[in-house]
Q: 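One structure, as structure tokens, below. Some questions next.
No hydrogens, no waters, no symmetry mates; every other heavy atom, side chains included, goes into these values.
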Amino acid sequence: MSEPFWYDLPETSVATDAEGNLCAVQPLLTGTMLQVPLAGTLVQVPLNRKTVSGVVVETGRPELGFKTKPLTRFAPNHERVPAAWVDLLRWLGEYYLTPLPQVFAACLPKPAVEMVFPKRPPKTIPTAKAGQAAEGKVTRKLRIETVPDALRPTDEQRVAIDSVAESLAAGSFQTYLLHGVTGSGKTLVYLHLARMALAAGKRVLVLLPEIALTPQTLSRFREFLGRPVLALHSNLGAKARRELWSAVFQGSADVIVGARSAVLAPIDNLGLIVVDEEHDGSYKQSDAAPRYHARDLALYRGRQSSCPVVLGSATPSLESYQAAVAGKYRLLELKIRATGSRPPSIRVVDMREQFALQGPLLISIPLREALQAALEQGGQAILFLNRRGYAHKRVCKSCGSPRECPHCIAPLVYHKARQTLLCHYCGFKSPPDAPCRKCGGIEWLDTGRGIEKVQEYLEGIFPGVGIARLDRDSTSTLGGAEKILSRFQSGELQLLLGTQMVAKGHDFPKVNLVGVIDADSGLGLSDFRAQE
């Protein structure tokens, strides 16, 4: 299915104005006339021998040359998505060469549709709650508070805030690159701008590179703004999804914070869009279609909504920085740490020298000694190794052939915790002890160090120390990342070992050591950004 279907509005349920234009529809189950913008309205329609849900994307009286069927029903509570959002998805499908029905299926998930058209009708009719109008729309209340001294912007932050505020007040689109060193207070700039946008009656969209950052950012925005802030990402539970989409359909989703999929949130009246850590590769959706870059979609939405877009980073992507230098974006710089703290001292260890001293090691001697000192002082440490699994290559001892994915011809990674060989490209799995395809050998040699092997090593040399691993495997369950980060924040864990998930702007006051293991391993990746 590459194109939407056309359906008929029954004659008895359509009202027209003096010029014959459609101006109202009559939901077939209510018997009352309602002023409903047709574009974006959720409906159910007959398709073959079943009834499916859909969204009205266009109305008119085209000459199709074939018969059309009537709509089955409209959303019972008039749920709809903004017409501008429909236009956004049209552009997304055209620009990224994805059929429009496939785009809608990805951007309007099944839980949202099932909430509008439940398979089983609710036992009780929902009543309006306190603070909620009778027609089902939340009454907006703006809470203005004085700003504590700790949250007052510095001179540099004030310049950045005032610059973006000009576009916000004018209601004009402009892209700002907020280039701030680590600890310079970029988040505080976002908070003050969000407050200004809300005071102007606008909505705010904040994008983060990693789902694990959402709880920390949600807490800051809720505390500063004094109002509900909704999360939108793929790891939401059923209850959170219902609350989110209920707020979207009621028009009360004023602030949304989330990972890359949040850029497709069906909200209108946007006054500010923030893309934190704009350089991060996680903003690129490369798995299931539609494949898109969330940062670029944020820029399109900013132009569509006539609102400023703030791209924040301590290490901007080359193309964003070049656009700022060329004047396409406005460059805002934060060169001083907001707390006045000094930059960390950095030591580079040559592992060739370490090999000469003590043979092959998983971590260097200086890093091991620094870890020991940090733990003895009651501090915490973070170690970064961007390699999932236990060993990244398994080789036959008899003939030397590596175990490879039959689809991708890439080495299968040994995951000891799951006792499987896994392809990190297509997801192919294989038993770890299956015989060699070339010679039938059953003895294998594991080469390379993955994060599981380093965790096993650290647990051996630091017995009794709370150690956790933060990667895609350890956080596959709902809320897994939040639980690990919460234990580390509380001090229950002293050492956090992770892949790129730990390098996303977390704030842990007790951390006094960060180690990067095999720092130059990423330079040889088959990616044009490897050196970057």
Side-chain angles (χ1 to χ4, degrees), residues 281 286-288 349-365 367-368 383-463 467-477 480 495 497-502 515-531:
S286 56
D287 298 331
V349 178
D350 191 335
M351 291 303 290
R352 293 173 297 182
E353 297 176 358
Q354 297 294 306
F355 183 84
L357 289 173
Q358 199 171 331
L361 295 171
L362 289 179
I363 64 174
S364 67
I365 298 173
L367 178 55
R368 188 173 62 190
L383 296 182
F384 170 73
L385 175 61
N386 203 21
R387 284 194 179 275
R388 290 168 55 203
Y390 189 85
H392 57 80
K393 184 180 289 188
R394 174 162 277 206
V395 179
C396 176
K397 287 186 177 181
S398 300
C399 67
S401 299
R403 291 290 299 274
E404 294 179 336
C405 174
H407 309 296
C408 307
I409 321 179
L412 294 175
V413 178
Y414 175 43
H415 287 251
K416 188 175 182 179
R418 299 161 60 179
Q419 279 300 300
T420 187
L421 291 172
L422 179 65
C423 175
H424 287 177
Y425 292 93
C426 71
F428 173 80
K429 297 179 182 179
S430 175
D433 298 324
C436 175
R437 291 188 174 186
K438 289 193 175 181
C439 70
I442 57 174
E443 293 187 0
W444 301 94
L445 176 66
D446 293 321
T447 64
R449 51 187 163 186
I451 194 171
E452 291 182 9
K453 182 183 288 188
V454 175
Q455 181 186 18
E456 184 179 86
Y457 172 76
L458 292 172
E459 289 172 344
I461 63 175
F462 296 118
I467 301 175
R469 190 179 81 248
L470 189 71
D471 60 6
R472 189 184 300 180
D473 303 302
S474 64
T475 59
S476 57
T477 57
L495 207 163
L497 173 67
T499 56
Q500 46 85 25
M501 295 178 69
V502 302
V516 180
I517 302 172
D518 202 6
D520 56 356
S521 62
L523 297 177
L525 294 176
S526 55
D527 190 295
F528 74 99
R529 294 190 187 273
Q531 299 291 323

Q: Can a side-chain donor-acceptor contact be found between R418 and Y390 if the only test is distance below 3.5 angstrom?
A: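 Looking only at side-chain atoms, R418 and Y390 do not form any donor-acceptor pair under 3.5 Å.
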Q: Give the intermediate values and the outcome of side chain to side chain contact (heavy atoms under 4.5 Å, CB included) for residues Q354 and I365.
A: CA-CA 7 Å; Q354 297 294 306; I365 298 173; 3.3 Å; yes
Q: Are a donor atom and an acceptor atom from the side chains of S430 and R403 found within less than 3.5 Å of each other?
A: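 Looking only at side-chain atoms, R403 and S430 do form a donor-acceptor pair, the distance falling under 3.5 Å.
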Q: Of the non-hydrogen atoms in L495 and F462, which two are nearest, and what is the gap between them?
A: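 Here L495 and F462 meet closest at CD1-CD1, 4.5 Å.
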Q: Looking at I442, I want to see if its CD1 is surrounded by more than 12 non-hydrogen atoms of other residues, nucleotides or ligands under 6.0 Å.
A: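 Counting neighbours around CD1 of I442, 12 or fewer heavy atoms of other residues, nucleotides or ligands fall under 6.0 Å, so no.
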Q: Is there a side-chain contact between S401 and C439 in this structure, where contact means two heavy atoms from C-beta onward sitting under 4.5 Å apart?
A: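 Answer no - side chains too far apart.
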Q: Can you check whether E443 reaches C396 side chain to side chain, under 4.5 Å on heavy atoms?
A: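 A side-chain contact is absent here, since even the closest heavy-atom pair is not under 4.5 Å.
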Q: Could you walk me through whether H415 and H392 satisfy the ring pair (Phe, Tyr, Trp, His ring centres under 6.0 Å) test, starting with their C-alpha distance in whole Å, then the side-chain angles of each, then the deciding distance to 0.1 Å, before giving a yes or no?
A: CA-CA 9 Å; H415 287 251; H392 57 80; over 10 Å; no
Q: Let me confirm one number: the CG-OG distance from L497 to S474, rounded to the nearest 0.5 Å.
A: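 It comes to 9.5 Å.
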Q: With heavy-atom distances below 4.5 Å as the criterion, would you say the side chains of I461 and R368 are in contact?
A: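 Heavy-atom side-chain distance check passes, below 4.5 Å.
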Q: To the nearest 0.5 Å, what is the distance between CG (L362) and CD1 (I517)?
A: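 L362 atom CG to I517 atom CD1 measures 8.0 Å (nearest 0.5 Å).
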Q: What pair of heavy atoms forms the shortest contact from V395 to G400, and how long is it?
A: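 For V395 versus G400, the nearest heavy atoms are CG1-O, 3.3 Å.
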Q: Quick one: does K453's side chain have a donor or acceptor within less than 3.5 Å of a partner on G448's backbone?
A: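 A pair under 3.5 Å: yes.
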Q: Any chance you could measure Y425, atom OH, to I409, atom CD1, to the nearest 0.5 Å?
A: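 These two atoms lie 12.0 Å from each other.
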Q: I'd like to know if the side chain of R469 and the backbone of Q455 have a donor-acceptor N/O pair within less than 3.5 Å.
A: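 No, R469 side chain to Q455 backbone: no donor-acceptor pair under 3.5 Å.
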Q: I'd like to check R394 versus L421 (side-chain heavy atoms, cut-off strictly below 4.5 Å). Are they in contact?
A: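 They are in contact (side-chain heavy atoms under 4.5 Å apart), so the answer is yes.
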Q: Can you confirm whether P402 sits close enough to P411 that some side-chain heavy atom of one is under 4.5 Å from a side-chain heavy atom of the other?
A: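 No; the side chains remain at least 4.5 Å from each other.
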Q: Give me the atom names and distance for the closest heavy-atom approach of W444 to P435.
A: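 Between these two residues, the closest heavy atoms are CZ2-C, 3.9 Å.
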Q: With a 4.5 Å cut-off on side-chain heavy atoms, are L470 and I451 touching?
A: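 Counting from C-beta outward, I451 and L470 never come under 4.5 Å.
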Q: Going by an N to O cut-off under 4.0 Å, is there a salt bridge joining R388 and D471?
A: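 No, R388 and D471 are not salt-bridged.
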Q: So, do L412 and L422 sit near enough that their side-chain heavy atoms are less than 4.5 Å apart?
A: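 When only atoms from C-beta onward are counted, L422 and L412 do not touch, as no gap falls below 4.5 Å.
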Q: Side chains of C399 and C436, heavy atoms from C-beta outward: is any pair under 4.5 Å?
A: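 Yes, their side chains come closer than 4.5 Å.
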Q: Measure from the side-chain N and O atoms of N386 to the backbone N and O of Q500, and report whether any donor-acceptor pair falls under 3.5 Å.
A: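 Between the backbone of Q500 and the side chain of N386 there is a qualifying donor-acceptor contact (under 3.5 Å).
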Q: Please give me the minimum heavy-atom distance between Y414 and D446, naming the atom from each residue.
A: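 Heavy atoms of Y414 and D446 come nearest at CD2-OD2, 3.7 Å.
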Q: State the NE2-CZ distance between H424 and R387, to the nearest 0.5 angstrom.
A: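 These two atoms lie 10.0 Å from each other.
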Q: Please answer whether the main-chain N or O of K416 pairs with a side-chain N or O of E452 as donor and acceptor at a distance below 3.5 Å.
A: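 Yes.
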